[in-house]
Amino acid sequence: MRNALRHEKRMPLPASSIPPQPALNESAVAAAESPETLALLARRRSTKVMLLEEPAPAPAEIDALVALAARVPDHGKLGPWRFVVMEGDARARAGAAIARAIENDPGVDEQRIAHARGLFLRAPACVMVVSSPVESKKAPEWEQVLSAGAACFSLLIAAHAMGYAGCWLTEWPAFDARARTALGLADHERIAGVIYLGTANAPVLERERADITTRISRY
Ligand SMILES: Cc1cc2nc3c(=O)[nH]c(=O)nc-3n(C[C@H](O)[C@H](O)[C@H](O)COP(=O)(O)O)c2cc1C
């Protein structure tokens, strides 16, 4: 819990502190009591993107986060997602690409174009999780899309466990085919989320939550 909620500056955890993934058919972990994991889930909170600043996960840490996120349940072993890392100058290049996609829209103003240009620059690093479903007799597209959503959450939780704050946003590029193309997505692909990562520069407070008592039943 210490790391997940902290907002002060921190030294990154070495990515090498993550255990190696099991090799094929090697014994894997089916269950492991972990009070720290439960505490992280019980108290997790997204951080507003405008509160995210350096340090962000270093490139090797982002690689490690992506490797962890790719361990999500995945019916048919299809890997129906991919991860596009936007660090450093790439954030500005991606923003420029989506700004170009909308700059000739009727009525578009300079403020909107500037916002598009700066979209990915709001946090020091981001990872776009792309839902990339494939033809399958086994796994319907719905399951493949859910797997991509799970990858978003795994990545965010893993980042918290590494001591970084973050949030999962889609925003307008997810719903604008021209922006998706500008970001390199194929027609059948969708943005499952952009996970913005960094360190919170202010404390993050709890928000109102859905009333779980009205959302649980037993069949
Ligand atoms: C698929 C998905 C897309 C989201 N997109 C946005 C978004 O575009 N803008 C936004 O303000 N919040 C968005 N959110 C919500 C935030 O990620 C966050 O969950 C919310 O602010 C509640 O905070 P919490 O995560 O601390 O409970 C999205 C959440 C999900 C699951």
Side-chain angles (χ1 to χ4, degrees), residues 1-7 37-53 56-57 65-66 68-70 72-74 80-84 86 91 94-95 98-99 101-102 111-112 115-133 141-180 182-183 185 188-216:
M1 215 48 255
R2 299 176 310 280
N3 289 339
L5 293 182
R6 66 198 299 172
H7 62 272
T37 304
L38 295 175
L40 193 155
L41 290 171
R43 296 186 65 83
R44 64 153 286 279
R45 194 62 241 276
S46 300
T47 299
K48 289 194 185 318
V49 69
M50 64 281 256
L51 300 181
L52 292 172
E53 58 177 40
L65 289 173
V66 167
L68 292 172
V72 281
D74 161 18
W81 18 253
R82 57 192 186 86
F83 302 84
V84 182
M86 299 180 203
R91 295 168 304 151
I98 59 171
I102 59 160
Q111 196 183 350
R112 177 147 157 67
H115 185 261
R117 271 199 208 103
L119 201 72
F120 306 112
L121 288 166
R122 294 173 298 171
C126 5
V127 180
M128 178 168 65
V129 181
V130 178
S131 165
S132 190
E141 183 170 326
W142 171 236
E143 294 180 353
Q144 299 184 40
V145 172
L146 290 173
S147 183
C152 290
F153 194 57
S154 270
L155 203 154
L156 186 62
I157 291 294
H160 293 339
M162 255 187 210
Y164 295 103
C167 61
W168 171 2
L169 306 182
T170 47
E171 302 182 296
W172 66 269
F175 308 101
D176 185 312
R178 301 162 307 169
R180 292 198 298 266
L183 292 171
L185 273 69
H188 72 288
E189 294 183 319
R190 291 288 179 274
I191 298 173
V194 178
I195 312 301
Y196 289 85
L197 298 168
T199 300
N201 65 15
V204 172
L205 305 179
E206 178 57 339
R207 66 165 173 91
E208 274 186 26
R209 297 273 159 194
D211 178 4
I212 188 62
T213 62
T214 65
R215 288 168 172 80
I216 183 169

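Numbering of ligands and ligand atoms starts at 1, following listing order. Positions are given from 1, in the same order as the sequence printed here. Computed from a predicted model, the values in this text were never measured in an experiment.
When each atom of ligand 1 is checked for a heavy atom of Arg45 under 4.0 Å away, the hits are 23 (O), 24 (P), 26 (O). The distance from ligand 1 to the heavy atoms of Ser46 drops below 4.0 Å at these ligand atoms: 18 (C), 19 (O), 23 (O), 24 (P), 25 (O), 26 (O). The Arg44 neighbourhood of ligand 1 comprises atoms 24 (P), 25 (O), 26 (O), 27 (O), with distances under 4.0 Å to a heavy atom of that residue.
Protein heavy atom closest to atom 10 (C) of ligand 1, with residue, atom name and distance, is Leu169 CD2, 3.5 Å. Scanning the protein heavy atoms around atom 22 (C) of ligand 1, the nearest turns out to be Arg207 NE, 3.1 Å. Closest protein heavy atom to atom 28 (C) of ligand 1: Trp168 O, 3.2 Å. Closest to atom 8 (O) of ligand 1 among all protein heavy atoms lies Glu171 N, 3.0 Å.
With Trp81 contributing its side chain and Gly149 its backbone, the two residues share no donor-acceptor pair below 3.5 Å. Remark: the backbone N or O of Ile102 is not paired with any side-chain donor or acceptor of Arg178 at under 3.5 angstrom. The main-chain N or O of Pro173 is never found under 3.5 Å from a side-chain atom of Arg180 such that the two would form a donor-acceptor pair.
Minimum heavy-atom separation, Leu185 to Arg190: CD2-C, 3.6 Å. For the residue pair Asp211 and Thr214, the shortest heavy atom distance occurs at O-OG1, 2.8 Å.
Atom 25 (O) of ligand 1 is flagged as protein-proximal [any protein heavy atom, distance under 4.0 Å]. Using a 4.0 Å threshold on non-hydrogen atoms, atom 20 (C) of ligand 1 does not count as touching the protein.
Ionic pairing of Arg122 and Glu171 is present here: one or more N-O contacts between side-chain nitrogen and carboxylate oxygen are shorter than 4.0 angstrom.
The distance from atom CG of Leu156 to atom OH of Tyr164, rounded to the nearest 0.5 Å, is 14.0 Å.
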